Amino acid sequence: MNNTVNSAMLDPATGWSILALFSLVWIFLGWFWGRKAKGLDDFMLAGRNVGMALGVATAMATWVTSNTTMAAPQLAFQLGVWGMVGYSLGSIGLMLFAPLARRIRLLMPFGYTSGDFVRLRYGKTAWRVFLLISLFYAFGWLISLGMAGGVLIHALTGIPYQYGMTVILAICVLYTLLGGLRAVIGTDFIQTIIILLGIGMLCWLAITRLGFDDIHSAVAQSRPELLNLLMPAAIMFLFNNLLFGVGEIFHSNVWWSRAFAFREGVGFSAYLTAGAMWMPIPIVAGFIALAVPALGLNVPAADMVGPMVAAQLSGIAGAVLVFIVVFSALASSLDSLLAATADLILQDIYRGHLRPAAGEQELRVAAKLIILGLGLGAWLLCLPRLTTLAELLYFTGAFVASTIWPIAAGLYWRRTNAAGATLAMLLGTGVGLYSYFSIGFYVAALSGAAVSMLTVIITTWLWPADFNWQALRAETEPAA
Amino acid sequence: MMISSDVLAILVTVALVVVTLSPIVLIGLLTKDWKRGKLW
């Protein structure tokens, strides 16, 4: 079989045409859904009235990122079966967040951000530590998405990395600016359908063209370690990824803003259903990478394995399909991240630290300027392609896993105290980073979460607080 | 210990069936929300 993918790749003109077509669609929809947004709640939280269908789809689409469609095949290529199964455990985070989403809506029906909760629950020191972690993670994710966009476009069309990355960032910034969270959630629904159909079709193609037996025997012959169920690094990765996913979801404003935006009673079912429907996606996407030995492909960079296999399997049609799927996956996460991070900066930095008395009109203008600034900042950081996608993503694992216990305990245990929560985030991050550099990326979240858990449990037991839950509602309720 | 071809086939087939049915579930939910005026 041909061992290059050049014959199956798109030419730059086709790439630009697809980009232009989808850009126009997303931007038009952004404008269309955003044109009736009146107040800040409409722009930031889609009017706090999102139903079940859009709720499930936006949770799925946001969690299906370039890291699912590109890093899942990459991880399957590097860590084998456990790589793709481990990635699918990222869905546990969505499912575990379901009861938290219900609790968040109950305790803070008028809240805006995860930062609001940490500030009111633990005070200003914990709030600032949390903001540092949260913003660092948000930028890490933004960069990973921007880079993925550039890599994908370059791998499939030959369009230079910098151009592709610029276009994807610019499109997402534009339609998020026009429509706020309503545009994000509306486009997420369409993008989810595209992603599911595209990934499903590619997997069917791999199975019908090559067959399970041929794929299995080719992997067993050339890369037997990928089928090994006792590969130690892969098993560590499995648990690490589970905790990383839980940490990402529990702390990130991307998920909190949806908990605030969903109609009352929707959050629990939406997150649970989204988790169950998301779980098989990395397995299906990852399996595509196991076709590499059977195809006789020579993969120059692990993070290109997904697009390359798809292009090899079905030529131009496969290249077009994977291009549309990954473009949708990128856009669905980038827009969510831009909107939610802008909310966090607006509410917790701008209003919380700089302009406490800012009125609604000023905040709406500031929200748009922040989205623009975020896009520009991400673009600058993406320009030099510094590291592979998975490495960049997992560097943030140490940070986010340290927030799992302070958030979960803070929502359910009134005895958890501010000092314990702050210490848990700092110690968890420190130990997680140490593990990342001294052992490997696959243990950073695991060790960070373990240290954070012990810190929260011990400090709650030794120095119990007596938090009044009513304070959360009272402090966020708008004046009559 | 290696995963067998059969177990790999079962794992991937089950995942693929869920992925294939998900768009139908989502469109069904959307239609239901739309009819009840509870889209957003």
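Note on naming: letters A, B, ... go to the chains in the order of the sequence lines (proteins, then strands), and numbering restarts at 1 for each one. As the structure is a prediction and not an experimental result, all values here were calculated from the model.
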Atom of B/V18, atom of A/A276 and distance for their closest heavy-atom approach: CG1-O, 4.4 Å
B/T20 side chain vs B/L16 backbone, donor-acceptor pair below 3.5 Å: yes
For A/D42 against A/A37, the heavy-atom pair lying closest together: OD2-CA, 3.6 Å
Between A/L227, A/T273, A/N228, A/L290, the one whose heavy-atom pairs under 4.5 Å with chain B are most numerous: A/L227
Interchain contact, B/L21 with chain A, by part (heavy-atom threshold 4.5 Å): neither
Closest contact, heavy atoms only, A/L45 versus A/S257: CD2-O, 3.4 Å
Nearest non-hydrogen partners of A/I185 and A/A46, listed with the distance: CD1-CB, 4.4 Å
Proximity breakdown for B/V25 and chain A, heavy-atom pairs closer than 4.5 Å: side chain
Interface moiety of B/S22 toward chain A, non-hydrogen atoms closer than 4.5 Å: both
Atom of A/A101, atom of A/Y271 and distance for their closest heavy-atom approach: CB-CD1, 3.6 Å
Stepwise ring-ring contact (aromatic ring centres under 6.0 Å, His included) check, A/F212 with A/F287: CA-CA 10 Å; A/F212 283 113; A/F287 176 71; 5.5 Å; yes
Any donor-acceptor N/O pair, A/N49 side chain to A/R263 backbone, under 3.5 Å: no
Residue among A/V284, A/V50, A/I207 with most heavy-atom pairs under 4.5 Å to chain B: A/V284
Region of B/T31 in contact with chain A, defined by heavy-atom distances below 4.5 Å: neither
A/W33 versus chain B, the contacting section by heavy-atom distance below 4.5 Å: side chain
Heavy-atom contact with chain B under 4.5 Å, split by part of A/T192: side chain
Winner by heavy-atom pair count (cut-off under 4.5 Å) against chain A, out of B/L26, B/L8, B/T13: B/L26
Among the listed options A/R48, A/M201, A/E225, A/M277, the residue most often paired with chain B at heavy-atom distances under 4.5 Å: A/M277
Heavy-atom proximity to chain B below 4.5 Å, by part of A/V85: side chain
Pick from B/D6, B/L29, B/V14 with the largest number of heavy-atom pairs that fall under 4.5 Å of chain A: B/L29
Contacting moiety of A/M279, where chain B heavy atoms sit under 4.5 Å: neither
Pair A/R258-A/D188, salt bridge (charged side-chain N to carboxylate O under 4.0 Å, His left out): steps then yes or no: CA-CA 12 Å; A/R258 278 159 178 73; A/D188 275 357; 3.6 Å; yes
Interface moiety of A/F262 toward chain B, non-hydrogen atoms closer than 4.5 Å: neither
